[in-house]
Each structure stands twice: as C-alpha cells, then as structure tokens.
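A short worksheet on the structure shown next.
All heavy atoms count here, side chains included; hydrogens, waters and symmetry mates do not. All ligand and atom numbering here is 1-based and tracks the order in the structure. Numbers here are sequence positions counted from 1.
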Amino acid sequence: MSRQHNIQRAITELFDVVVIGGGITGAGIALTAARKGWKTLIIDKHDFAFGTSSRSAKMIHGGLRYLQNLQIKLVKEALHEREHLLKEYPHLVKPQPFFMPIYKSRLSKIKLGIGLSGYDYLTGESSMPKHAEIDLEEVKQRFPQLKTDAMVGGFVYYDAKTNDARLTNEVIQEACDLGAIALNYFELTTLQKGNNKIKSITCEDKIAEKSFTIKSKVFIAATGIWTDEILRKFDSNDTKKYMMPSKGVHLIVSANHFPKDCVMLLPTANGDGRMIWCMPWDDNLNVIGTTDTDYNEGNDEIFILENEVKYILDSVNAQLKEKKLTEDDILSVYAGIRPLLNDNDENKKSNQRSRDYQIWWNNDNMLTISGGKLTSFLSMAENCIKTIEEKHAIQSTDNDEIIINTLIDNFKHRYGVKNATLIANIAQEELELTQQFTGYEYCPAEIIFFIRYQNGQKLDDILTRRTLISYQMKDFDEDLVKTVSEIMAKELNWSAEQITIEINLYKHSWKLMHSWK
Ligand SMILES: Cc1cc2nc3c(=O)[nH]c(=O)nc-3n(C[C@H](O)[C@H](O)[C@H](O)COP(=O)(O)OP(=O)(O)OC[C@H]3O[C@@H](n4cnc5c(N)ncnc54)[C@H](O)[C@@H]3O)c2cc1C
C-alpha cells in the first residue's frame with residue numbers, strides 16, 4: 001500500500017484506535033488491536049523504532065539484576081514473555097548464554113547461586129538450559145582474554161538477544177498484515193478536545209510538509225521518553241514530571257575481540273557495584289554496555305560524552321589480560337534514554353529505579369502507557385487493550401475482519417502468517433471448514449490449502465507429507481480417510497470409483513508404514 005493511499009485512508013476513516021508512537025510499545029499495541037479486528041492507525045514523528053527501541057541493550061531477558069531490588073513480579077512477567085518471544089520470533093529472538101565470574105572477595109558464590117536458582121525457578125518450563133557452574137580451568141579455556149587471578153570460577157546462564165529495531169518493524173508489519181495502517185514521519189502536533197474527550201488530532205506529514213486531521217474512538221500515547229512532551233500538548237497547564245529518564249551508552253566493536261558464543265558480564269572499574277557486558281551480536285559485531293545516569297536533555301538528538309565512553313572502556317580493560325581495547329577499536333557508539341517513571345525519589349540512583357510501566361486515562365478516550373521494557377511489549381499491549389475494553393465497547397466495524405484475524409492467529413504457529421492467511425481465506429468460504437477431524441489437530445481448510453497451494457494430489461500426499469496424520473494413525477481410520485477423500489474429491493473432481501481407488505492406494509502406503517507387524 002503506498003504512503004499516499006495510507007494517508008488518504010488515515011484522514012477519511014474513523015479509527016477504533018490511533019497509537020501515537022511507533023517504538024516497540026506502540027508496535028505491540030497496534031498488533032494486539034489489529035488482532036482484535038480493531039481499525040488501527042499507528043504513527044511516529046520519526047522513523048519507527050527511532051527512539052529507545054533501537055538503542056536498547058538488545059536483550060530479551062527477565063532482568064536478573066532486578067531480583068536484587070526484589071522486583072519479582074516484573075522479572076517473572078518478563079521471563080514469561082522471553083519464552084513466548086523465543087517461540088513467536090525465532091529468527092529475531094535467539095537464546096544467548098551469559099558468563100558471570102565468581103570472585104574470591106566479590107559477590108559471593110552463594111549469593112549469585114541463589115539469585116540464579118531464583119531466576120531458573122521464576123522461568124519455569126523453558127527451551128533453554130538452567131544455569132550451571134564452571135570451574136576456573138574452563139573459565140580460562142573459554143575466556144582466554146580475561147584476567148582470572150581473583151576468580152574462583154564462574155556461572156553460565158541463559159537469556160535471549162534480539163535486533164530491537166527489526167523486531168519493532170516486524171511487529172508493525174504484522175499489524176499491517178492484519179489491516180492496520182502505519183505512517184512514520186507523521187507527527188502529532190495538536191489535540192482538539194471537547195466534552196472530556198479528544199475529538200481529533202492534527203498531524204504533520206513531515207515528508208510532504210502538510211497537516212491533516214485524524215479521528216478515532218480512542219487515542220493511545222505510547223511515546224516513551226516523549227511522554228511529558230505529549231501530555232503538555234494535551235494540557236499545557238499540567239506541569240507534572242511523569243518521566244525520570246536515564247541514559248545508557250553502548251560501544252560497538254568487532255566481534256573478533258571477544259568470545260562469539262557467550263556474553264561476558266564484568267564488574268565496572270570504578271567500584272560502583274554495576275556490571276558491564278560484552279555481547280556478541282549480529283553481523284560480526286559486539287555490543288558493550290552500558291552506563292546508567294540521569295538525563296534531562298533533548299530527546300531527538302542525543303550526544304555521547306567522552307567520560308561515558310571512558311567509563312565503559314576502563315571497565316572492560318580492567319578485566320582484560322592484555323590487548324586492551326582502545327578508542328581506535330570502537331566502530332560506533334549509541335545512546336538510548338530509558339523511559340523510567342517518576343517515582344518522586346530524587347535520592348534514588350537511576351539504576352535503582354523501577355523498570356515497571358503504567359497505563360492511565362487522561363480523559364474519556366485518551367490513554368497513556370509509559371515505562372516498561374522491550375521484553376514485555378506484548379503483555380504491556382494486552383494490558384493496554386484490556387484497559388480500553390473495560391471502558392469502551394469497541395466492536396470492529398467489519399465482523400469478517402475479526403473472524404479472519406482470529407483464524408490467522410490460530411493457524412500462523414504452524415504455517416506462518418502468509419499461509420495462515422490463505423487458510424483463513426479458504427475457511428471464510430464455509431466456517432465448517434475449520435471444524436477439526438475427530439482425534440487429529442487438522443481441519444478441512446488445511447486439506448484444501450494443501451491441494452490448492454502445495455500440489456497435494458493423492459491421499460498419501462496429504463496424510464503423510466503435508467500433515468502428520470499417517471504417523472499418528474496406529475490403526476487404519478476408515479472414517480477419517482473417507483472424510484479426507486471426500487474433501488479431495490470435491491477439489492479434484494474425483495468420481496465415486498476414483499475415491500475407492502485412491503483410498504485403496506493410500507491403504508497400501510499406510511500398510512507399508514506398519515509392515516513390521
Ligand atoms: C540503554 C538502554 C538499554 C535497554 N536495554 C533493554 C534490554 O536489554 N531489554 C529490554 O527489555 N529493555 C531494554 N531497555 C528498555 C527498552 O528499550 C524500552 O523500554 C523500550 O524500547 C521503550 O519503547 P517505547 O516504544 O515505549 O519508546 P520509544 O521506542 O522511544 O518509542 C516512542 C516513539 O514515540 C515517537 N513520538 C514521540 N512524540 C511523538 C509525536 N508527537 N507524534 C508521533 N510520534 C511521536 C518517537 O519518535 C518514538 O519513536 C533499554 C533501554 C535503554 C535506554
């Protein structure tokens with residue numbers, strides 16, 4: 001769909017929800033709303049993922065560190081989300097081992113061990129291994145760069161890593177596949193209010209330099225560190241500081257400097273009790289991070305200071321035996337601003353502030369969500385949509401759209417979104433086509449899909465190579481084979497005689513699979 005076409009729709013249609021902010025938070029909300037069949041628009045004043053969502057540490061994690069602050073609920077939710085994302089986006093969210101040294105006089109082995117056991121416990125069932133201890137010999141072998149004089153061994157545990165910007169853009173693409181409209185370089189400039197509601201918003205198309213009015217039943221501000229700025233537009237008399245952001249700088253170096261299979265977690269050099277990590281990333285890069293300092297400057301252009309780079313370099317170098325990193329080794333640097341909620345505690349260090357999020361109504365139809373983590377974007381989105389449902393009875397204007405989206409959701413885990421859409425379209429012809437066969441997790445719409453799109457010609461093609469039904473069928477299931485043959489007969493114009501021939505042919509193949517008896 002062209003940008004022009006999308007803008008035309010954006011200014012002429014009444015939306016169920018307009019999401020302001022196309023970072024991971026807004027992307028997750030747009031996807032969840034589109035899955036519900038809601039008419040959804042998502043806009044961003046920059047590119048999608050321009051903000052914090054392309055400048056994170058790239059970890060999909062529970063946040064082992066937050067256990068120290070007893071943020072158990074937050075960690076548990078994020079660990080649950082981590083498992084979900086590993087399954088849902090396996091090409092973008094990948095398991096990643098982490099190495100944590102055990103020092104003679106630093107954090108004791110017992111304390112670390114308890115923390116990691118708690119982390120494993122909160123994870124529950126996982127596709128990744130639980131933490132394990134390694135001895136000093138193995139540490140020396142696997143991490144030959146590290147000084148080990150003060151070490152007694154180490155722990156290896158698992159979390160996951162991602163490409164945050166690509167994840168955000170893929171989630172927005174998925175929302176658009178389900179009917180949402182996405183416009184980047186489209187800035188909310190003013191809001192028109194009346195009767196405790198937002199009547200419309202004015203947006204500037206920053207590419208064509210034109211202004212447009214957009215209408216929606218509900219508006220959601222998911223603008224991260226820009227939350228205060230948006231809420232001033234909402235109410236210029238509101239002087240409350242909703243956010244207390246903190247800055248995190250990362251260095252990018254070649255992956256060749258460090259082990260390519262494991263993150264190294266190392267204590268910082270200045271004794272502030274924090275850890276620095278060197279994480280192998282994509283395209284032979286290694287991400288080293290990070291700093292955590294209060295931030296009160298501009299959000300659209302973030303400068304990186306010499307002392308921030310030095311803090312990271314010094315910390316890594318303090319742990320390296322030889323071949324220290326120099327400024328020359330740095331390929332690039334980036335800084336992200338954490339959208340931390342203001343807890344009105346000026347004395348707290350930024351790394352002690354909660355990474356939790358909040359959702360609140362500004363009036364009858366404007367909702368703000370802020371805070372949180374990349375890892376938790378789907379559960380944040382679900383809570384946001386639930387909050388809307390408690391107040392507004394949004395019915396999709398197009399009932400067919402809801403049905404089709406639900407069907408896509410059901411099939412996409414097995415077939416991916418593209419083929420799930422084809423199957424959902426087939427199911428639209430007659431809803432009985434989604435009725436599962438007794439004893440098997442397949443339905444007629446899938447059989448028709450295999451015939452129409454994947455060259456299924458014979459019963460054996462469908463039952464053995466397109467589905468796994470033959471493998472499940474311990475005893476020959478006359479009823480099931482007859483039902484499937486009738487579906488095939490309709491699609492392939494088989495006569496009654498042909499059906500009998502095809503069933504007999506299949507029976508022969510099935511018998512071969514049981515020929516040892
Ligand atoms: C250094 C650092 C490391 C981190 N590491 C991790 C990690 O490893 N794992 C993890 O889970 N989380 C991590 N986080 C947290 C995570 O990155 C953030 O919680 C998340 O990216 C925030 O996403 P967001 O969508 O809320 O905000 P953003 O990504 O900032 O999106 C907000 C969007 O709103 C848009 N916007 C603002 N004003 C307007 C307007 N007027 N009109 C239209 N659009 C507007 C902006 O352009 C922006 O794109 C880290 C954060 C930082 C800073």
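Separation of the Phe99 and Phe155 ring centroids does not fall under the 6.0 Å cut-off. Taking the six-membered ring for Trp, Phe258 and Trp277 have ring centres at least 6.0 Å apart.
Residue contacts with ligand 1: Lys247 is excluded, as none of its non-hydrogen atoms falls under 4.0 Å. Heavy atoms of Ile230 approach ligand 1 to within less than 4.0 angstrom.
Considering backbone and side-chain atoms alike, Leu188 places an N or O below 3.5 Å from some N or O of ligand 1. Considering backbone and side-chain atoms together, Thr25 places an N or O closer than 3.5 Å to an N or O of ligand 1. In terms of polar-atom proximity, Gly336 is not counted as a contact of ligand 1, lacking any N or O under 3.5 Å from an N or O of the ligand. By the 3.5 Å distance cut-off applied to N or O atoms, Pro339 is not counted among the residues near ligand 1.
A side-chain donor from one of Lys373 and His61 sits under 3.5 Å from a side-chain acceptor of the other. With 3.5 Å as the limit, one finds a donor-acceptor pair spanning the side chains of Tyr89 and Glu174. Remark: the Thr368 side chain and the Asn362 side chain contain an N/O donor-acceptor pair separated by less than 3.5 Å.
Residue nearest to atom 23 (O) of ligand 1, selected from Gly23, Gly21, Ser53, Gly51: Ser53 (by heavy-atom distance). Here the shortest heavy-atom distance to atom 37 (C) of ligand 1, taken over Trp226, Phe186, Tyr334, belongs to Trp226. Compare Met279, Met59, Lys45, Lys233 by their heavy atoms: the one nearest to atom 9 (N) of ligand 1 is in Met59. Which of Ala221, Ser54, Ser56, Ala49 comes nearest to atom 17 (O) of ligand 1 through a heavy atom is settled by distance: it is Ser56.
Remark: minimum distance from atom 12 (N) of ligand 1 to any protein heavy atom is reached at Leu374 N, 3.2 Å. Protein heavy atom in closest approach to atom 52 (C) of ligand 1: Arg338 CG, 3.5 Å. In terms of protein heavy-atom proximity, atom 11 (O) of ligand 1 is closest to Thr375 OG1, 2.6 Å. Nearest protein neighbour of atom 3 (C) of ligand 1, counting heavy atoms only, is Ala57 N, 3.2 Å. With respect to atom 19 (O) of ligand 1, the closest heavy atom belonging to the protein is Gly372 O, 3.0 Å. Summary of contacts: the protein heavy atom closest to atom 35 (C) of ligand 1 is Asp44 OD2, 3.3 Å. Nearest protein neighbour of atom 27 (O) of ligand 1, counting heavy atoms only, is Gly224 CA, 3.8 Å. The shortest contact between atom 36 (N) of ligand 1 and any protein heavy atom is with Thr223 CG2, 3.8 Å.
Taking the charged nitrogens against the carboxylate oxygens, Asp364 and Lys391 do have a contact shorter than 4.0 Å, which makes a salt bridge.
The contact set between ligand 1 and Lys58, taken as ligand atoms under 4.0 Å from a residue heavy atom, comprises 8 (O). Contact atoms of ligand 1 toward Ile337: 53 (C) (distance under 4.0 Å to a heavy atom of the residue). Near His250, with a cut-off below 4.0 Å to any heavy atom, the atoms of ligand 1 are 1 (C). Of all atoms in ligand 1, listed by their number and element, those nearer than 4.0 Å to a heavy atom of Arg55 are 1 (C), 2 (C). Each of the atoms 42 (N), 43 (C) of ligand 1 lies under 4.0 Å from some heavy atom of Ile20.
Both the backbone and the side chain of Thr52 come within 4.0 Å of ligand 1, judged by heavy-atom distances. Contacts with ligand 1 closer than 4.0 Å are made by no heavy atom of Glu229, backbone or side chain. By the criterion of a heavy-atom distance under 4.0 Å, the backbone of Ala222, and not its side chain, is placed next to ligand 1. The proximity of His61 to ligand 1, defined as any non-hydrogen pair under 4.0 Å, is limited to the side chain.
Annotation: His80, atom NE2; neighbour count of heavy atoms from other residues, nucleotides and ligands within 6.0 Å does not exceed 12. Applying the 6.0 Å contact sphere to NZ of Lys197 captures no more than 12 heavy atoms from other residues, nucleotides or ligands. Crowding of Lys233 atom NZ: a count of heavy atoms from other residues, nucleotides or ligands under 6.0 Å exceeding 12. Around CG of Asn256, the count of heavy atoms belonging to other residues, nucleotides or ligands within 6.0 Å exceeds 12.
Taking the side chain as every heavy atom from C-beta outward, Ser315 and Asn317 never approach each other to under 4.5 Å.
No donor-acceptor pair under 3.5 Å is formed between the side chain of Asn286 and the backbone N or O of Val253. Of the possible polar contacts, one joining the Ser2 side chain to the His5 backbone as a donor-acceptor pair under 3.5 Å is found.
The cationic atom of Arg55 (NZ for Lys, CZ for Arg) lies less than 6.0 Å from the six-membered ring centre of Phe50 and within 45° of the ring axis. A cation-pi arrangement is present between Lys58 and Tyr334, with the terminal nitrogen or guanidinium carbon under 6.0 Å from the aromatic centre and inside a 45° cone about the axis. Relative to the ring axis of Tyr158, Lys130 does not place its NZ or CZ within 45° and under 6.0 Å from the centre.
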